[in-house]
> 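Here you go, one structure.
Computation of the quantities below employed the complete heavy-atom set of this structure, encompassing side-chain atoms and omitting hydrogens, waters and symmetry-equivalent molecules. Numbers here are sequence positions counted from 1.
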Amino acid sequence: MSKNNEKLLNINEFLPYQLVSLSTKVSNDFAHVYEQKGELTQPQWRVLSHAIQKEGITAKHICELASMDKSTVSRAIKQLQDRELIEMLVSPSDKRAKTIAVTEQGRVLYQMLTPLALAWETELLSCFSDEQKENFIGLLMTLQSKVE
């Protein structure tokens, strides 16, 4: 087969590239919600969100759930502690481990950001009909389970 007839990968049509590109654009667009209204960085938002969802979560678990590296999570935790939005507690099951607890101030901030985040999501998905939205979420979940 000559070089002219070879089938080459078109990066713009390659699913992993499309997903990463879309993810970056969506994430950057959403960032204004937690940056402007909550004065949070993306890692801080993710740590706070996971800590709210799962009481007593560890930094290691957040790294796994959010696909973030340890240094980024550690830095976000320190910054959130400095703002008194979270605190680190000794784990009741393992005295060597530390768990994250969201403070009242952190909960108030998260509760203030939640309706803004949901409104942003509703606006983003408004290009879909209800049926398309349901199918899209189902397809995302199917892909997620396939790669896990």
Side-chain angles (χ1 to χ4, degrees), residues 9-148:
L9 173 75
N10 180 341
I11 191 71
N12 294 315
E13 295 175 0
F14 190 52
L15 182 63
Y17 178 81
Q18 289 178 324
L19 290 174
V20 168
S21 178
L22 178 61
S23 174
T24 300
K25 289 173 185 172
V26 168
S27 187
N28 289 341
D29 191 62
F30 174 59
H32 79 274
V33 172
Y34 55 78
E35 285 175 352
Q36 292 176 2
K37 304 296 183 184
E39 297 178 7
L40 296 171
T41 63
Q42 182 189 65
Q44 291 168 354
W45 165 254
R46 290 170 137 193
V47 168
L48 184 61
S49 296
H50 282 290
I52 286 275
Q53 301 301 311
K54 184 164 174 54
E55 193 171 318
I57 196 168
T58 63
K60 181 181 179 186
H61 197 193
I62 289 176
C63 290
E64 294 165 2
L65 289 172
S67 299
M68 295 167 58
D69 64 79
K70 185 178 177 182
S71 63
T72 301
V73 170
S74 295
R75 194 168 30 260
I77 287 172
K78 172 74 171 103
Q79 293 161 342
L80 291 169
Q81 282 181 283
D82 290 347
R83 288 186 56 190
E84 298 180 353
L85 298 174
I86 63 168
E87 58 185 346
M88 300 304 288
L89 304 175
V90 175
S91 170
S93 60
D94 180 355
K95 301 298 180 203
R96 298 167 296 169
K98 299 267 186 176
T99 61
I100 300 169
V102 180
T103 64
E104 184 59 29
Q105 187 175 335
R107 288 187 187 288
V108 167
L109 177 62
Y110 196 80
Q111 288 170 343
M112 185 269 294
L113 291 172
T114 294
L116 301 173
L118 293 173
W120 178 89
E121 181 185 55
T122 297
E123 173 58 30
L124 176 70
L125 297 176
S126 68
C127 61
F128 293 141
S129 69
D130 288 344
E131 184 180 347
Q132 288 173 320
K133 207 179 319 183
E134 191 176 308
N135 289 337
F136 179 69
I137 299 301
L139 291 169
L140 286 176
M141 292 171 62
T142 300
L143 271 179
Q144 182 76 27
S145 64
K146 173 74 173 168
V147 296
E148 291 177 350

> Tell me the closest heavy-atom pair linking Ala51 and Val102, and the distance in Å.
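Smallest interatomic distance, heavy atoms only, reads CB-CG2, 3.6 Å.
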> Would you say Thr72 and Asp69 are linked by a side-chain donor-acceptor pair, where the criterion is simply a distance under 3.5 Å?
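Yes, because at least one side-chain N or O of Asp69 sits under 3.5 Å from a partner of the opposite role on Thr72.
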> Tell me whether Gln18 contacts the main-chain N or O of Asn12 through its side chain, where contact means a donor paired with an acceptor under 3.5 Å.
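Yes, the answer is positive, given that a donor and an acceptor are paired below the 3.5 Å cut-off.
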> How about CD on Glu134, more than 12 heavy atoms from neighbouring residues, nucleotides or ligands closer than 6.0 Å, or not?
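No.
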> Pick out which of Ile52, Ile62, Ile57 makes a side-chain contact (heavy atoms from CB on, under 4.5 Å) with Val47.
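Only one of Ile52, Ile62, Ile57 forms a side-chain contact (heavy atoms from CB on, under 4.5 Å) with Val47, namely Ile62.
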> Roughly how far apart are Lys98 NZ and Thr58 OG1, rounded to 0.5 Å?
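Those atoms lie 13.0 Å apart.
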> May I ask you to decide if Leu85's main-chain N or O and Thr103's side chain share a donor-acceptor pair within less than 3.5 Å?
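Checking the backbone N and O of Leu85 against the side chain of Thr103, a donor-acceptor pair under 3.5 Å is found.
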> Within this structure, what is the OH-CD1 distance for the pair Tyr110 and Ile86, rounded to the nearest 0.5 Å?
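Here the interatomic distance stands at 14.0 Å.
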> Do Asp82 and Lys78 sit within salt-bridge range, that is, some charged N less than 4.0 Å from a carboxylate O?
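Salt bridge flag = yes for Lys78 with Asp82.
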> Is the CG atom of Asp130 crowded by more than 12 outside heavy atoms at less than 6.0 Å?
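Counting other residues, nucleotides and ligands, CG of Asp130 stays at 12 neighbours or fewer.
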> Within a radius of less than 6.0 Å around CD of Gln53, do more than 12 heavy atoms belonging to other residues, nucleotides or ligands occur?
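Correct, the count exceeds 12.
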> Quick one: does Ser27's side chain have a donor or acceptor within less than 3.5 Å of a partner on Thr24's backbone?
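Here the side-chain-to-backbone pair does not exist.
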> Between Arg83 and Glu39 (side chain of the first, backbone of the second, donor and acceptor by atom type, cut-off under 3.5 Å), is there such a pair?
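Such a contact is found between Arg83 side chain and Glu39 backbone.
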> Given 3.5 Å as the limit, does a donor-acceptor pair link the side chain of Ser49 with the main chain of Trp45, or not?
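A pair under 3.5 Å: yes.
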